[in-house]
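A quick write-up on the structure given underneath.
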Amino acid sequence: MPVGRDRLRALALVAPLLIFVGVTFIAPLVTMLVRSVHDPVVADALPETLALLEEWEGEGLPAEAVYETASRELSRANEERTIGQVAGRVNRVQGGLRSVFTGTARELRDAAPDPAAETGGTWRGTMTALDSAWADPATWHALRTTGERFTSRHYLNAVDMERVADGTIARQPEERRIYLRLFWRTLLVSSTITLLCLLLGYPIAHLIARAPPRRAGLLLVLVLVPFWTSLLVRTTSWIVLLQTQGVINDLLVAIGLVSDDGRLAMVYNMTGTIIAMTHVLLPFMVLPLYSVMRGIPPQHMSAAASLGATPLQAFLRVYWPQSLPGVGAGALLVFILSIGFYITPALVGGSDGQLISNMIAYHMQTSLNWGLAGALGGILLVGVLALYMVYDRLVGVERMGLS
């Protein structure tokens, strides 16, 4: 019984943390992953039409019964004010259909087949007369595609692919292939920033680890002050420094390295993104390196030198291997954080410095295509987990120098 009470007491102590993590992290993550494959809006609004379209072979136009059922359900969706959501979903598959669905649903309220009319007294003729798009099989293909409750459509879009009318998967048109390019750009930028942070952070961490305690404390404060400063303040400060009429360009002009007419464009492009993100993420590299380096005895390098090793040989064969846990931990932290960075590329990157995180934010806040945003985020999540597993296999998570 005392053991049981101790366990309950321990569980009660960690319960607030578990609830907080569940509500703020796990629940939103699961929700977005579900939205990336589950989209029942069209299926709930037009169930009978979609059931009839399952019997359509995809060639020519659907049967009259499909047009009659669609007209009835579109009218009902207009009355229930869900037609806008339906039209938005279909428009994501084939552009230009939003107005077709909303306009047709609005006009069908007072429309009915007229045997004496040129349409021949059929619902097909009536809907075609309202909008010629209903005489195009592509419209019905788009409707059937968006009518799937569980779909891989968002993940296909996230890798610039699509499912064509015959059911096969093909690449999207050239002008719509944007996501793979953004993924590669994000990986390249994240790798570059990780390498820059390692090149800059390694000597800084070594200097702090070998400095006297008082000087080491001062150097640590200098590393942490930018870390404590607001991310927005640090990012906007780089805009002031890097802009064409900014401090750095003024200094370069003053010392004669560039002419006044040849000022460097270092902001609102990839250059600004890399510089600002490297500055923001540098402490995440320095701190793990420092925590490992302070545990490496200085006598090891002296012993290597006494055995005839040059400074470079001693570093490569003695010091560097012992610092690898800190290198791995810092590189993993910086790379993962840079993949998901949003504010800095949005402020200093311009159109050329945007990363995949900016596109995810766009679909979440502007286009409201949460399914595609969830698919893009899901691919990023899988990539991060794969990187974590590779690191654990090669180095071992238990060797991460974070303390």
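Computed from heavy atoms alone, side chains included, the values below leave out hydrogens, waters and symmetry copies.
- Under a 3.5 Å cut-off, the side chain of Asp136 and the backbone N or O of Ala133 do not form any donor-acceptor pair.
- Rounding to the nearest 0.5 Å places CG of Leu196 at 10.0 Å from CG of Leu282.
- Nearest heavy atoms, Ser36 versus Ala375: CB-N, 3.5 Å.
- Separating the CD atom in Gln85 from the OG1 atom in Thr82 is a distance of 6.5 Å, to the nearest 0.5 Å.
- Residue Arg149 qualifies as enclosed at atom CZ: its count of foreign heavy atoms under 6.0 Å is above 12.
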Start with the C-alpha gap between Asp250 and Arg263, add the side-chain angles, then the distance that decides, and say whether salt bridge (Lys or Arg N to Asp or Glu O under 4.0 Å) holds. CA-CA 8 Å; Asp250 287 344; Arg263 290 172 176 262; 2.7 Å; yes
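- For Glu59, the CD atom is loosely surrounded, since the number of other residues' heavy atoms within 6.0 Å does not exceed 12.
- A donor-acceptor pair under 3.5 Å is formed between the side chain of Glu64 and the backbone N or O of Arg124.
- The shortest non-hydrogen separation linking Met161 to Gln172 is O-NE2, 3.1 Å.
- Between Arg76 and Glu73 there is a salt bridge, since a side-chain N of the basic residue sits under 4.0 Å from a carboxylate O of the acidic one.
- Distance alone, capped at 3.5 Å, is enough to place a donor-acceptor pair between the Gln322 side chain and the Val318 backbone.
- Side-chain contact between Leu33 and Leu381 is present, with heavy atoms from C-beta onward closer than 4.5 Å.
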Sequence neighbours left out, cut at 3.5 Å: what donor-acceptor pairs do the side chains of residues 327-338 make with other protein atoms?
unit_1, atom_1, unit_2, atom_2, d
Ser338, OG, Ser190, OG, 3.2
Ser338, OG, Val334, O, 2.9
Ser338, OG, Phe335, O, 2.8

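- Counting non-hydrogen atoms of other residues, nucleotides and ligands closer than 6.0 Å to CZ of Arg210 gives a total above 12.
- For residues 185-210, the pairs satisfying ring-ring contact (aromatic ring centres under 6.0 Å, His included) are Tyr202-Phe315, Tyr202-Trp320, His206-Tyr319, with sequence neighbours left out.
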Go through Val90 and Phe101 one step at a time and tell me if the side-chain contact (heavy atoms from CB on, under 4.5 Å) criterion holds. CA-CA 9 Å; Val90 179; Phe101 274 74; 3.7 Å; yes
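- Inter-residue side-chain proximity for Val348 and Tyr268 is flagged as unmet; no heavy-atom pair is nearer than 4.5 Å.
- The main-chain N or O of Ala209 is never found under 3.5 Å from a side-chain atom of Arg294 such that the two would form a donor-acceptor pair.
- With hydrogens and angles disregarded, no donor-acceptor distance shorter than 3.5 Å links the side chain of Asp131 to the backbone of Val100.
- Asn157 CG to Ile178 CD1: the interatomic distance, rounded to the nearest 0.5 Å, is 9.5 Å.
- The minimum heavy-atom distance linking Leu232 with Ile343 is given by the pair CD1-CG2, 4.5 Å.
- Using modelled atom types, one side-chain atom of Asn269 and one backbone atom of Gly272 make a donor-acceptor pair closer than 3.5 Å.
- Taking the six-membered ring for Trp, His363 and Trp370 have ring centres at least 6.0 Å apart.
- Looking at Arg163 and Ser152, their side chains come closer than 4.5 Å, going by heavy atoms from C-beta outward.
- Summarising the geometry, atom CE belonging to Met359 is positioned 8.5 Å from atom CG belonging to Leu376; distances are rounded to the nearest 0.5 Å.
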Start with the C-alpha distance between Leu108 and Leu130, add both sets of side-chain angles, then the distance that settles side-chain contact (heavy atoms from CB on, under 4.5 Å), and finish with yes or no. CA-CA 8 Å; Leu108 280 173; Leu130 292 176; 3.8 Å; yes
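- At a threshold of 4.0 Å, the pair Glu162-Arg153 does not count as salt-bridged, since none of the basic side-chain nitrogens sits closer than that to a carboxylate oxygen.
- A salt bridge is defined here as a Lys NZ or Arg NE, NH1 or NH2 lying under 4.0 Å from an Asp or Glu carboxylate O, and Arg89 with Asp39 meets this definition.
- With a 4.5 Å cut-off on side-chain heavy atoms, Thr49 and Tyr67 do not count as touching.
- The nearest pair of heavy atoms linking Met364 to Leu368 is O-CD2, 3.6 Å.
- A donor-acceptor pair is defined here as one N or O able to donate and one able to accept, closer than 3.5 Å; no such pair exists between the side chain of Thr69 and the backbone of Val66.
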Pair Ile360-Leu380, side-chain contact (heavy atoms from CB on, under 4.5 Å): steps then yes or no: CA-CA 10 Å; Ile360 295 175; Leu380 269 186; 4.0 Å; yes
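- Considering every non-hydrogen atom in both Val280 and Thr344, the closest pair reads CG2-OG1, 4.4 Å.
- Not one N or O on the side chain of Asp160 forms a donor-acceptor pair closer than 3.5 Å with the backbone of Arg171.
- In this structure, Glu57 places its CD atom where only 12 or fewer heavy-atom neighbours from other residues, nucleotides or ligands lie under 6.0 Å away.
- Here Leu52 contributes atom CG and Leu46 contributes atom CG; the two are 11.5 Å apart, rounded to the nearest 0.5 Å.
- Each of Thr126, Thr139, Thr104 was evaluated against Trp134; a single residue qualifies, Thr104, per the side-chain hydrogen bond (donor to acceptor under 3.5 Å, both in side chains) test.
- Taking a 6.0 Å sphere around CZ of Arg215, one finds it holds 12 or fewer heavy atoms contributed by other residues, nucleotides or ligands.
- A donor-acceptor pair under 3.5 Å is absent between the side-chain atoms of Gln365 and the main chain of Tyr362, judged by distance alone.
- Annotation: side chain of Thr192 is in contact with side chain of Leu188 (closest heavy-atom distance under 4.5 Å).
- We find the CD1-CE distance between Ile193 and Met285 to be 11.0 Å, quoted to the nearest 0.5 Å.
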Let's go through Leu251 and Val247 carefully: what are the C-alpha distance in whole Å and the side-chain angles of both, what is the deciding distance for side-chain contact (heavy atoms from CB on, under 4.5 Å) to 0.1 Å, and is it a yes or a no? CA-CA 6 Å; Leu251 179 61; Val247 176; 5.5 Å; no
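- You'll find the side chain of Arg7 stays beyond 4.5 Å of the side chain of Leu11, heavy atoms only.
- Contact detail for Ile296 and Ser323: the closest heavy-atom pair is CD1-N, 4.0 Å.
- Put simply, the side chain of Val159 does not reach to within 4.5 Å of the side chain of Tyr179, judged on heavy atoms.
- Residues Val189 and Met270 are in side-chain contact: their nearest non-hydrogen atoms beyond the backbone lie under 4.5 Å apart.
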